[in-house]
A.B. asks: 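One structure follows; several queries about it will come next.
None of these values were measured; they are calculated from a predicted model. No hydrogens, no waters, no symmetry mates; every other heavy atom, side chains included, goes into these values.
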Amino acid sequence: MSAGILGTGYYVPERVLTNFDLEKMVQTNDAWIVERTGIHERRIAAEGEPVSVLAQRAAEMALADAGVDAADLDLIIMATLTSDRIIPSTACVLQDRLGAKHAAAFDLSAACSGFVYAASIAAQFIESGVYRHVLVIGGETLSKVVDWEDRNTCILFGDGAGAAVFGAVEEGYGIRAFDLGSDGSGGDALDIPSSGSLRPVTPETIEQRLNFVHMDGKAVFRFATKVMGRTVETSLERAGMQREDLDYLVPHQANIRIIQAAAKRLDMPMDKVIINIHRYGNMSAASIPVALAEAAHAQQFKKGDNIALAGFGAGLTWASCIMKWAKEENG
């Protein structure tokens with residue numbers, strides 16, 4: 001049985017935070033941000049808008065696009081690093097809100113690689129015949145864990161959610177191959193130092209601003225430029241395909257220079273690379289599914305197109321997959 005995407009959805013908050021807005025908050029400027037990252041603006045969740053709200057709206061759109069009722073879902077996987085609470089999982093919150101009364105549910109933590117990690121799990125449940133419909137969501141409210149006094153990180157991140165319903169598709173279509181990987185030795189390059197049992201949040205850690213994202217930008221950049229193209233090459237090899245067989249690349253939207261480096265390595269023209277970083281910034285686990293869903297609903301993909309998804313993130317992790325698009329049309 002072949003597993004593929006039956007429908008996609010996405011949601012981003014209404015509030016837009018531009019580079020010019022950031023100029024009033026920290027010592028930075030629009031030209032500097034655009035030149036180094038490609039980001040012009042990002043979306044920011046409202047104070048009472050947790051990641052579960054964003055994820056629910058993306059999920060409802062994906063279910064409608066797939067023509068699948070929530071009651072027919074067998075499993076919900078939520079990829080996020082900004083869950084509503086440590087417990088219960090945000091996936092369980094969604095299971096209840098969506099009315100997916102027959103679905104198992106769990107959260108997955110692989111940061112920006114999370115959606116592709118979760119997609120690999122969904123595909124295997126479907127291919128094995130254990131489940132018929134799996135909802136995969138990548139969602140983040142990074143604005144709630146970003147230090148808005150740190151100009152090196154606050155310019156990068158935004159909020160949003162993307163979702164996909166996975167199910168059985170026509171033989172020869174759907175997911176062809178995956179590549180997942182990690183290098184825990186680089187874990188300190190991107191973390192939230194005070195966020196768990198190692199260093200619980202205390203008045204002291206809050207005073208030291210250790211409850212926010214910390215990043216070694218140069219280390220992450222070096223890692224990303226090496227791994228993004230390489231992981232797609234590995235997935236292509238496992239699928240028995242060549243670079244020239246690819247029709248589209250949907251990369252994690254972290255930095256335009258990293259995306260350009262991956263496209264160059266894969267000999268992909270930039271008009272075949274799905275890019276929305278200029279509007280949303282880095283949405284971590286939401287970046288790939290939002291870009292995928294936007295392109296799908298804009299009718300950029302046609303049935304039979306070979307599409308690569310590729311991401312990297314905290315952990316350090318990386319992930320890619322190759323799929324043959326199975327939908328006739330998207331609405």
A.B. asks: Using the ring-ring contact (aromatic ring centres under 6.0 Å, His included) criterion, which residues pair with Phe212? Sequence neighbours excluded.
C.D. replies: none
A.B. asks: Can we say Lys303 and Glu170 salt-bridge, meaning some charged N sits less than 4.0 Å from an Asp/Glu carboxylate O?
C.D. replies: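 Answer for the salt bridge query: yes.
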A.B. asks: Would you mind checking if Glu49 and Arg57 are paired as a salt bridge, meaning a charged N to carboxylate O distance below 4.0 Å?
C.D. replies: yes
A.B. asks: Who clusters with Ile206? Use side-chain heavy atoms, under 4.5 angstrom, across I, L, V, M, F, W and Y, and order the result by chain and number.
C.D. replies: Val201
A.B. asks: Between Thr18 and His40, is there a side-chain donor-acceptor contact under 3.5 Å, judged purely by atom types and distance?
C.D. replies: no
A.B. asks: Can you tell me which residue pairs pass the ring-ring contact (aromatic ring centres under 6.0 Å, His included) test with a partner in residues 121-154, sequence neighbours excluded?
C.D. replies: Phe125-Tyr131
A.B. asks: Starting at CG of Leu210, measure out to OG of Ser194 and round the result to the nearest 0.5 Å.
C.D. replies: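 Result: 6.0 Å between the selected atoms.
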A.B. asks: Quick test of your reading of the model: are Glu294 and Arg279 salt-bridged, counting only N-O distances below 4.0 Å?
C.D. replies: yes
A.B. asks: Go through the structure and list residues passing ring-ring contact (aromatic ring centres under 6.0 Å, His included) with Phe178, not counting sequence neighbours.
C.D. replies: none
A.B. asks: Any chance the side chains of Ser235 and Asp179 put a donor and an acceptor closer than 3.5 Å?
C.D. replies: no
A.B. asks: Is a salt bridge present between Lys302 and Glu328, judged by a nitrogen-to-oxygen distance below 4.0 Å?
C.D. replies: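 Salt bridge between Lys302 and Glu328, a charged N being under 4.0 Å from a carboxylate O: no.
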A.B. asks: Running the 4.5 Å side-chain criterion over Ile, Leu, Val, Met, Phe, Trp and Tyr, what cluster does Phe20 land in, apart from itself?
C.D. replies: none
A.B. asks: Are any non-hydrogen side-chain atoms of Met78 and Val51 less than 4.5 angstrom apart?
C.D. replies: yes
A.B. asks: Quick test of your reading of the model: are Arg209 and Asp147 salt-bridged, counting only N-O distances below 4.0 Å?
C.D. replies: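 A salt bridge links Arg209 with Asp147.
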A.B. asks: Can you sort out the partners of Ile192 under side-chain contact (heavy atoms from CB on, under 4.5 Å), two or more places apart, ordered by chain and number?
C.D. replies: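 Checked Ile192 against side-chain contact (heavy atoms from CB on, under 4.5 Å); matches are Val145, Ser195, Val213.
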A.B. asks: Charged N to carboxylate O below 4.0 Å: is that the case for Arg243 and Asp267?
C.D. replies: yes
A.B. asks: Side chains of Asn19 and Arg42: is there a donor and an acceptor less than 3.5 Å apart?
C.D. replies: yes
